[in-house]
Amino acid sequence: MTLIDKTILLVEDNPDDAKLTLRAFKQSNILNPIAVARDGIEALDFLFARGAFSDRADKALPTLIVLDLKLPRFDGLGVLKAIRADERTKLVPVVIMTSSKEEQDVIAGYALGANSYVRKPVDFAEFLEAAKVLGIYWLMMNQRVPERTAA
């Protein structure tokens with residue numbers, strides 16, 4: 001599997017946070033392609049090749065989904081529930097990265113199948129370090145679930 005096959009789906013509605021995340025990944029030498037979805041519906045359309053993303057039907061699923069919780073149109077917990085309910089996406093790693101400090105969000109995230117829950121650091125240097133560690137672990141160290149091949 002090449003770098004190009006290891007796409008990250010960043011689901012983030014705040015343009016400043018999306019830009020900061022992309023910058024942090026770049027500065028951490030995470031060169032994987034990154035698709036950005038601005039709300040929960042767009043994220044699910046991307047994953048399931050619907051609507052504007054219907055041309056993705058034959059494309060590989062993202063290697064990692066970085067998911068904010070507070071999203072317009074369809075919130076992050078709803079997105080996570082839909083991801084885990086579908087056979088095609090139920091094993092894709094999902095890291096919740098949010099500014100929420102609500103204990104109920106942490107519990108709900110893990111209960112719905114999140115692989116990790118990261119609070120967005122306010123300080124850029126801390127944010128950079130969090131993105132670096134996240135990228136190194138999930139893209140380099142973590143063993144990805146093998147693709148299913150047609151029998």
Side-chain angles (χ1 to χ4, degrees), residues 1-49 51-53 55-56 58-84 88-110 112-147:
M1 179 164 288
T2 64
L3 183 68
I4 196 109
D5 296 326
K6 293 184 175 184
T7 298
I8 299 168
L9 175 59
L10 173 62
V11 187
E12 175 61 67
D13 65 312
N14 183 314
D16 292 334
D17 284 356
K19 187 183 286 187
L20 186 62
T21 303
L22 294 172
R23 183 174 165 206
F25 281 157
K26 185 176 182 180
Q27 287 188 10
S28 300
N29 293 317
I30 296 169
L31 305 175
N32 301 66
I34 301 172
V36 179
R38 304 285 179 198
D39 63 54
I41 299 295
E42 188 176 343
L44 293 176
D45 285 351
F46 180 89
L47 288 169
F48 300 124
F53 299 99
D55 61 333
R56 286 195 37 78
D58 61 343
K59 303 276 195 280
L61 289 169
T63 296
L64 175 66
I65 300 168
V66 179
L67 178 65
D68 189 16
L69 290 184
K70 309 302 183 204
L71 298 169
R73 299 204 302 159
F74 196 60
D75 73 11
L77 292 175
V79 171
L80 180 58
K81 189 174 185 178
I83 289 169
R84 293 301 182 235
R88 297 167 288 178
T89 56
K90 72 179 185 180
L91 298 178
V92 175
V94 177
V95 174
I96 294 172
M97 191 162 76
T98 185
S99 54
S100 174
K101 295 179 181 175
E102 298 294 323
E103 186 175 294
Q104 68 218 31
D105 286 341
V106 178
I107 293 167
Y110 280 119
L112 291 171
N115 297 91
S116 185
Y117 191 104
V118 178
R119 287 198 184 100
K120 293 178 190 172
V122 176
D123 178 75
F124 180 71
E126 291 176 17
F127 193 97
L128 186 67
E129 185 62 23
K132 179 180 178 182
V133 170
L134 188 143
I136 288 171
Y137 178 77
W138 288 105
L139 299 171
M140 298 170 137
M141 297 177 69
N142 185 56
Q143 176 66 48
R144 184 177 175 170
V145 174
E147 296 289 327

If the condition is side-chain contact (heavy atoms from CB on, under 4.5 Å), which residues does D58 pass it with, not counting sequence neighbours?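 Testing D58 for side-chain contact (heavy atoms from CB on, under 4.5 Å), a comparison that skips the adjacent residues, returns none.
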If you round to the nearest 0.5 Å, how far is [atom2] of [Y] from [atom1] of [X]?
{"X": "L128", "Y": "D123", "atom1": "CG", "atom2": "CG", "answer": "10.0 Å"}
{"X": "N32", "Y": "I8", "atom1": "CG", "atom2": "CD1", "answer": "4.5 Å"}
{"X": "T89", "Y": "L61", "atom1": "OG1", "atom2": "CG", "answer": "7.0 Å"}
{"X": "S99", "Y": "D68", "atom1": "OG", "atom2": "CG", "answer": "6.5 Å"}
{"X": "L67", "Y": "N115", "atom1": "CG", "atom2": "CG", "answer": "11.0 Å"}
{"X": "L71", "Y": "E12", "atom1": "CG", "atom2": "CD", "answer": "7.5 Å"}

Could you give me the CA-CA distance, side-chain angles and deciding distance for E103 and I107, then say whether side-chain contact (heavy atoms from CB on, under 4.5 Å) is met? CA-CA 6 Å; E103 186 175 294; I107 293 167; 3.9 Å; yes
From CA spacing to verdict: side-chain contact (heavy atoms from CB on, under 4.5 Å), L47, R88: CA-CA 9 Å; L47 288 169; R88 297 167 288 178; over 6 Å; no
Where at least one partner belongs to residues 129-141, residue pairs that pass side chain to side chain donor-acceptor pair (under 3.5 Å), sequence neighbours excluded: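 Output for this query is empty, none listed.
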Which residue pairs pass the salt bridge (charged side-chain N to carboxylate O under 4.0 Å, His left out) test with at least one member in residues 71-80, sequence neighbours excluded?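 Salt bridge (charged side-chain N to carboxylate O under 4.0 Å, His left out) check on residues 71-80 returns D39-R73.
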Looking at K70 and D105, is there a salt bridge between them, counting it only when a charged N and a carboxylate O are closer than 4.0 Å?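 Counted as a salt bridge, because a side-chain N and a carboxylate O are separated by less than 4.0 Å.
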Atom pairs and distances, side-chain donor-acceptor, residues 21-29, under 3.5 Å, sequence neighbours left out:
{"from": "T21", "atom 1": "OG1", "to": "D17", "atom 2": "O", "distance (Å)": "2.8"}
{"from": "S28", "atom 1": "OG", "to": "A24", "atom 2": "O", "distance (Å)": "2.8"}

Among all residues two or more places apart in sequence or in another chain, which pass the ring pair (Phe, Tyr, Trp, His ring centres under 6.0 Å) test with F53?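 Result, ring pair (Phe, Tyr, Trp, His ring centres under 6.0 Å) vs F53: F46.
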Salt bridge (Lys or Arg N to Asp or Glu O under 4.0 Å) against R56, all qualifying residues, sequence neighbours excluded: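 So R56 forms no salt bridge (Lys or Arg N to Asp or Glu O under 4.0 Å) with any residue.
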